[in-house]
Number of protein chains: 2
Amino acid sequence: MPRRSPTRLDPELNIDRDSYEPAYVQLVNILRRQVASGIFRPGDRLPSESELRQRYDISPMTVRRAINILADQGVVVAEQGRGTFVKPIELGAATFDLQALQELLNGEATSVRMLEASIVSADERTARKLALIEGKRAIFIRRLLSRNGKPIIYHREYLLYDPRLPSIESELEVTSLRGLFDGIGATELKRGELTIEAATLDEEEAVYLEGTVGEAAVLLEHVFYGFDNRPVSWGWFISRSENLSFRAFVGVRE
Amino acid sequence: MPRRSPTRLDPELNIDRDSYEPAYVQLVNILRRQVASGIFRPGDRLPSESELRQRYDISPMTVRRAINILADQGVVVAEQGRGTFVKPIELGAATFDLQALQELLNGEATSVRMLEASIVSADERTARKLALIEGKRAIFIRRLLSRNGKPIIYHREYLLYDPRLPSIESELEVTSLRGLFDGIGATELKRGELTIEAATLDEEEAVYLEGTVGEAAVLLEHVFYGFDNRPVSWGWFISRSENLSFRAFVGVRE
DNA sequence: TAGTGGTCTAGACCACTTA
DNA sequence: AAGTGGTCTAGACCACTAG
């Protein structure tokens, strides 16, 4: 952040060159506010770049940068030769994130209880998921996450057991849930695939989660791969539906 | 897209100024490929902007643009005064979209059957969701989406019934599922809130979806608001779990 | 042809980190 | 002090659209 001093002019009207906020951010906010308030409606053309440049007395690149940001936020769409237009909202543009889950994990009142950490022989499904030969050994971990003493999420995970690797290290990296969420550690992991689906609690899950068998539950499956593109871990979180859901927003907020 | 001519040089090595791909896109791809292939590992520092500028013989702004793109894709993080670093993967960075649902809707083999479209008296829940007085009239719509003749999604929706408005128009805008997903129409809608949760099929749903009562199901609730910030429609999609799930990826792909 | 957005240059000054 | 990223300028040329 470059300069500092309070904003002096109505940000609806002008760009404050002395603000701690960069000019392009100010312009993004001005335009977004105008879209959100209905001054520019879906389908409307925004002022052209040269109009904006003159109106706010900034350079073309600064205007372009603001427009680009609005464009990849999905607020507007720029069409070469025609203009920049406000986009109607699209249901298909909605994106859900794991913020709810992350907040659960990082909350003060949240604790993780390790139920099991053992070496097991891979069954058919585990062998398939981890690209192992059935019967080979794998590390199996079960955890229970609680919030304010109430169990919230039951987690099971299979990890590659590779005696050649510093197994403790690689295990710890994947084992630390908080680390995985925040991005601490995990330097050996290249990518992950996640799936959300609906499920119902079986007996074991119902016991741990203090729910009832057959109750609706959210299931989040995860597979992580190393830089050799081989799966390193496979597991899933399960939570009673009432304890975990996912929200998303479409359209211009605020 | 500016110029046209095939890429001539190995894109791993150099930027082709005659390519149809802009220089900044080429640089983004080069760097992303190097991260994906493990040349740069999580935590590593990328070459500085001036190094990249010299290495690829492009202007500072073009390098910055590429870095910015990688940064807001979550691949790297730039720290002023220190450098640009490859980010470890974060579970919390995963985002799910409605692509699966959208493909279902837009597929050739998909058909929508309107089961009901009537004017009803708002019950307590509907009145609350639509900010109406209980007992006021609302439009109620039920649809069944099928794919290859098999029912996939059961949709119910309540719409504001406002005789002052061109009700047919506003109804049609919200009624056209395809339009909502693609962003056609919906010019009267400012924003929407969506929630994904797990549920189980009740009797009515089981009949329509040809499933069994108590079976796991995904529920997608939606509320749309007009530019006056008042809710305009509220409804939900429900689908057997095996017919609909959501996928996301973290880390660098390809 | 005039106007639009898309890309790119070759610098400048600033803020921040590290040594 | 040297090196890093962050912002911004004042243009240029290009591709595309529309009248």
Side-chain angles (χ1 to χ4, degrees), chain A residues 1-5 7 14-31 40 43-87, chain B residues 1-5 7 14-31 40 43-87:
Chain A
M1 284 146 199
R3 311 172 198 94
R4 25 195 75 248
S5 103
T7 302
N14 283 293
I15 285 176
D16 178 2
R17 313 309 294 265
D18 294 331
S19 168
Y20 71 95
E21 264 188 336
Y24 73 92
V25 173
Q26 294 184 53
L27 183 52
V28 164
N29 289 332
I30 288 171
L31 294 174
F40 299 125
D44 288 355
R45 216 203 73 186
L46 247 51
S48 78
E49 303 191 351
S50 79
E51 283 172 326
L52 291 172
R53 186 186 74 226
Q54 292 169 47
R55 166 70 180 79
Y56 294 103
D57 190 29
I58 49 183
S59 86
M61 278 299 285
T62 304
V63 175
R64 303 243 62 240
R65 186 165 182 184
I67 300 288
N68 279 337
I69 287 170
L70 288 172
D72 56 46
Q73 284 179 353
V75 176
V76 302
V77 55
E79 297 181 28
Q80 197 170 15
R82 301 215 320 125
T84 302
F85 301 87
V86 179
K87 276 176 86 169
Chain B
M1 287 150 195
R3 312 173 197 92
R4 24 196 77 247
S5 103
T7 302
N14 283 292
I15 285 176
D16 178 2
R17 314 309 294 265
D18 293 332
S19 167
Y20 71 95
E21 264 188 335
Y24 73 91
V25 173
Q26 293 183 54
L27 183 52
V28 164
N29 290 332
I30 289 172
L31 294 174
F40 299 125
D44 288 355
R45 216 204 72 186
L46 247 48
S48 78
E49 303 191 351
S50 79
E51 283 172 327
L52 291 172
R53 185 185 74 226
Q54 292 168 47
R55 166 70 179 79
Y56 294 103
D57 191 29
I58 48 183
S59 86
M61 277 300 284
T62 305
V63 175
R64 301 245 61 243
R65 188 164 179 184
I67 301 288
N68 278 338
I69 287 171
L70 288 172
D72 55 48
Q73 285 178 353
V75 176
V76 302
V77 55
E79 297 182 27
Q80 196 170 15
R82 303 214 319 125
T84 302
F85 301 87
V86 178
K87 277 176 85 169

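Every chain is numbered from 1, with letters handed out A, B, ... down the list of sequences. Model, not experiment: these values are computed from the prediction.
Look at OH on A:Tyr56: it is 15 Å from P on D:dT9, rounded to the nearest Å. Across the protein-nucleic acid pair, A:Leu31 atom CG and C:dG5 atom C1' stand 15 Å apart, rounded to whole Å. With rounding to whole Å, B:Asp57 atom CG is found 12 Å from C:dC8 atom C1'. Counting to the nearest Å, the C1' atom of C:dC8 and the CG atom of B:Leu27 are 14 Å from each other. Rounded to whole angstrom, the span from the CD1 atom of A:Ile69 across to the P atom of D:dC8 amounts to 10 Å. In this structure, CZ of A:Arg53 is placed 11 Å from P of D:dT9, rounded to the nearest angstrom. Between A:Arg45 atom CZ and C:dG3 atom P the separation is 12 Å, expressed in whole Å. In this structure, CG of A:Leu52 is placed 12 Å from C1' of C:dG5, rounded to the nearest angstrom.
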request  = Evaluate side chain to side chain contact (heavy atoms under 4.5 Å, CB included) for B:Arg17 paired with B:Ile58, printing each intermediate quantity in order.
outcome  = CA-CA 10 Å; B:Arg17 314 309 294 265; B:Ile58 48 183; 3.8 Å; yes
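Between C:dG5, D:dG11, D:dT7, one nucleotide has an atom nearer to the side chain of A:Pro60 than all others, and that is D:dG11. Nearest nucleotide to the side chain of A:Gln80, out of C:dG5, C:dC8, C:dT7: C:dG5.
The phosphate of D:dG3 (OP1 or OP2) has no side-chain N or O of B:Ser50 nearer than 4.0 angstrom. Proximity of B:Thr62 to the phosphate of C:dT9: a side-chain N or O atom is located under 4.0 Å from OP1 or OP2. In terms of phosphate contacts, B:Ser48 brings a side-chain nitrogen or oxygen within less than 4.0 Å of OP1 or OP2 of D:dT4. Phosphate contact (OP1/OP2 of D:dG3, side-chain N/O of B:Arg82, threshold under 4.0 Å): absent. B:Arg17 has a side-chain polar atom (N or O) that falls below the 4.0 Å cut-off from OP1 or OP2 of C:dT9. Using a 4.0 Å cut-off, some side-chain N or O of A:Thr84 falls inside it from OP1 or OP2 of C:dG5. The shortest distance between the side-chain N/O atoms of A:Tyr24 and the OP1/OP2 oxygens of D:dT7 is below 4.0 Å.
Judged by closest nucleotide on DNA chain D, B:Ala78 is the one of B:Ala78 and B:Met61 placed further toward the 5' end.
Partners of B:Gln73 by side chain to side chain donor-acceptor pair (under 3.5 Å), not counting sequence neighbours, listed by chain and number: B:Arg32.
Atom CG of B:Asp57 sits in a sparse spot, with 12 or fewer heavy atoms from other residues, nucleotides or ligands closer than 6.0 Å.
Across all strands shown, D:dG19 has no partner, as no Watson-Crick or G-U wobble contact with both distances under 3.5 Å is found.
A:Leu31 is listed as a side-chain neighbour of A:Ile67, based on a closest heavy-atom distance under 4.5 Å. Between B:Val28 and B:Leu70, some side-chain heavy-atom pair lies under the 4.5 Å cut-off.
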